[in-house]
Amino acid sequence: MKILFMGTPEFAREQLSALWENRETYGWEIVGAVSQPDKPKGRGYKMIPTPVKTYAQSVGIAVYQPERVKDEAFLALLAELDPALIVVAAYGKMLPEAVLAYPKYGCINVHGSLLPAYRGAAPIQRAMMDGMRVTGNTIQYMAKGMDTGDIISCDRVEIGENEDFGSLYDRMGKSGAKLLLKTIPAIENGTACRTAQDDACATIAPKIEKAECALDFSLPAEALHNRIRALSPAPLAYTTLYHQGTPMRIKIAASVMGDTADTDASAVCGTVLSLDAKKNEIRVQCGNGSTLCMTAVVPEGKGRMHAGDFIRGRKIAPGDWFGD
RNA sequence: CGCGGAGUAGAGCAGCCUGGUAGCUCGUCGGGCUCAUAACCCGGAGGUCAUGAGGUUCAAAUCCCAUCUCCGCAA
């Protein structure tokens, strides 16, 4: 069976490599990998290839990076490659109906949430930010709307209490790939299920905005903790640290819930209550009488470091405070 | 050439402006105290100060030049 893959980031690369490595077992022919065009990004506006492109090239899969998938040129490419199935994972563009209708077995999509929850661009981060304990991948037949297609299969992935997005993202990608390997044969031999989504239960997971990365210490520690780990290792939650009155922009890479018994009711939210370089903790007053221990930070111009190192090097002390 | 920060001991930092003994908080090693300890006391090892047989100087971590690497912002 001819399969065309479409995807862009690391999550998608995980799916593609699973397809590639098992192509002989299942008799698949990967006819191409479609990925977003390279764009000047990062420091100095260097062109950064997408993970899917890098992988595809390394194993010799043809790479296509159309600016638009809605024009004739892309349909012509489809006709040329003639895939029986299109597998999409975090491609980053909506596909027109003409494309969805082309393959014999349809277009399927690996989505990083248990649909109909968290439809959209950032399902994994949003689930973590909401403090969910369980999420999963869903494979759906793509439909016109955003992640509204009929469900074929899904898996279940538990979210650790102190796990961060990077770790969960990695596990989700691998789990999704396993699911994909089970699902495609079922589609091919006609035993796949097809269940419509209940739109009434749908929720949206929009992409992460910059403004959401700012920490508001009047929130309860749990909300802050969920936000910090959902944004780690990128783009990272940030705040301002006032050290001896001098402001310094700082990102928070990791945290754990603090001891609630030992809070200072009179302390303003954001105040550093105590530090322990050995335990690697900067304990901060948060809303509702809760406290949060920051365990890893990224000071401006520096890389990620343990809170203990930061305390030792910068001589952070109780009375310093976080806020804006 | 988008803007900016940074490279000093295993980690995190200071010193640089106003050149002249390599410093701080830890870690590590050895010893001591203690029922005991991540606590405390004493002692030690560990650094071509990113690179350049560069420039200036009697003398460069420090001033000047070039290169490399890392990072933040902006996209």
Side-chain angles (χ1 to χ4, degrees), chain A residues 8-12 35-54 65-68 90-94 120-122 125 162 164-167 169 206-217 224 227-259 261-262 270 272-284 291-324:
Chain A
T8 300
E10 192 59 31
F11 180 85
S35 200
Q36 290 287 337
D38 296 346
K39 286 176 192 157
K41 281 186 120 179
R43 214 170 295 124
Y45 294 113
K46 294 189 191 89
M47 297 292 264
I48 311 285
T50 71
V52 163
K53 177 183 182 179
T54 303
Q65 298 178 283
E67 283 292 340
R68 302 167 54 82
Y91 172 56
K93 279 188 168 76
M94 298 290 279
Q125 290 97 324
N162 290 317
D164 71 11
F165 166 67
S167 161
Y169 184 79
K207 72 173 189 180
I208 305 293
E209 298 293 336
K210 180 78 183 301
E212 298 176 85
C213 299
L215 292 175
D216 175 359
F217 286 93
L224 291 163
R227 178 155 308 217
I228 287 167
R229 63 204 185 97
L231 298 174
S232 179
L236 289 176
Y238 68 87
T239 184
T240 304
L241 168 62
Y242 290 83
H243 173 44
Q244 296 175 347
T246 307
M248 160 198 242
R249 187 71 172 278
I250 187 169
K251 296 187 166 188
I252 311 301
S255 59
V256 295
M257 296 297 290
D259 185 353
D262 182 29
V272 174
L273 296 174
S274 62
L275 306 99
D276 192 323
K278 290 225 187 294
K279 285 186 188 163
N280 223 9
E281 292 178 350
I282 303 174
R283 206 162 60 89
V284 180
T291 68
L292 186 70
C293 291
M294 299 173 180
T295 56
V297 301
V298 180
E300 208 167 9
K302 304 299 265 183
R304 173 174 173 146
M305 67 181 71
H306 294 135
D309 291 335
F310 183 66
I311 294 165
R312 289 188 182 101
R314 306 300 181 102
K315 309 205 169 18
I316 308 303
D320 290 341
W321 74 93
F322 291 91
D324 289 307

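Keep in mind that the numbers below use all heavy atoms, side chains included, and drop hydrogens, waters and symmetry copies. Just so it is clear: chains get the letters A, B, ... in the order the sequence lines come, proteins before strands, and each one is counted from 1. Everything numeric in this text was worked out from a predicted model, so none of it was measured.
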Between [X] and [Y], is there a donor-acceptor pair closer than 3.5 Å when you use the side chain of the first and the backbone of the second?
| X | Y | result |
| --- | --- | --- |
| A:T8 | A:Y91 | yes |
| A:D276 | A:E281 | no |
| A:S232 | A:A253 | yes |

With side-chain hydrogen bond (donor to acceptor under 3.5 Å, both in side chains) as the rule and sequence neighbours excluded, what pairs involving residues 296-312 of chain A come up? none
[atom1]-based separation of [M] from [N] [nearest Å]:
| N | M | atom1 | result |
| --- | --- | --- | --- |
| B:U67 | B:A53 | P | 15 Å |
| B:G27 | B:C42 | P | 15 Å |
| B:G15 | B:G23 | P | 15 Å |
| B:G10 | B:A59 | C1' | 32 Å |
| B:G32 | B:A39 | C1' | 14 Å |
| B:C35 | B:G46 | C1' | 35 Å |
| B:G2 | B:C63 | C1' | 29 Å |
| B:G4 | B:A50 | P | 22 Å |

When the distance from [atom1] of [X] to [atom2] of [N] is rounded to whole Å, what number comes out?
| X | N | atom1 | atom2 | value |
| --- | --- | --- | --- | --- |
| A:E281 | B:A38 | CD | P | 18 Å |
| A:K279 | B:A39 | NZ | C1' | 13 Å |
| A:I250 | B:C71 | CD1 | C1' | 14 Å |
| A:M248 | B:A6 | CE | P | 12 Å |
| A:E300 | B:C70 | CD | C1' | 15 Å |
| A:I252 | B:G72 | CD1 | C1' | 15 Å |

As a quick check of understanding, evaluate side chain to side chain contact (heavy atoms under 4.5 Å, CB included) for A:M248 and A:R314, giving each step before the final call. CA-CA 11 Å; A:M248 160 198 242; A:R314 306 300 181 102; 2.6 Å; yes
Verify whether one side chain among A:R249 and A:T240 offers a donor that lies under 3.5 Å from an acceptor in the other. no
Classify the side-chain pair A:T50/A:S35 by whether it contains a donor and acceptor separated by less than 3.5 Å. yes
Would you say A:V298 and A:M305 make side-chain contact, with heavy atoms under 4.5 Å? no
With sequence neighbours excluded, what pairs up with A:K53 under the salt bridge (Lys or Arg N to Asp or Glu O under 4.0 Å) test? A:D38
Can you give the dot-bracket line for RNA chain B, where a pair is Watson-Crick or G-U wobble with both atom distances under 3.5 Å, crossing pairs use [ ], and | marks a partner on another strand? .(((((((.[[[[.)....(..]]]].(((((.......))))).....[[[.[[..)....]]]]]))))))..
Distances for protein N/O vs nucleotides 73-75 of chain B N/O pairs under 3.5 angstrom?
unit_1, atom_1, unit_2, atom_2, d
B:C73, OP1, A:K251, NZ, 2.5
B:A74, OP1, A:K210, NZ, 2.6
B:A74, OP2, A:K210, NZ, 3.3
B:A74, N1, A:G42, O, 3.4

Can you list every pair that meets ring-ring contact (aromatic ring centres under 6.0 Å, His included) and has a residue in residues 233-255 of chain A, with sequence neighbours left out? A:Y242-A:W321
Could I get a table of every N or O pair under 3.5 Å where one atom is in the protein and the other is in nucleotides 9-12 of chain B?
unit_1, atom_1, unit_2, atom_2, d
B:A11, O2', A:D309, OD1, 3.4
B:A11, O2', A:D309, OD2, 2.7
B:G12, O2', A:D309, O, 2.7

Over all atoms of both residues, closest heavy-atom pair of A:I208 and A:L231: CG2-CD2, 3.7 Å
Identify the heavy atoms of A:L236 and A:I252 that sit nearest to each other, and give their distance. CD2-O, 3.9 Å
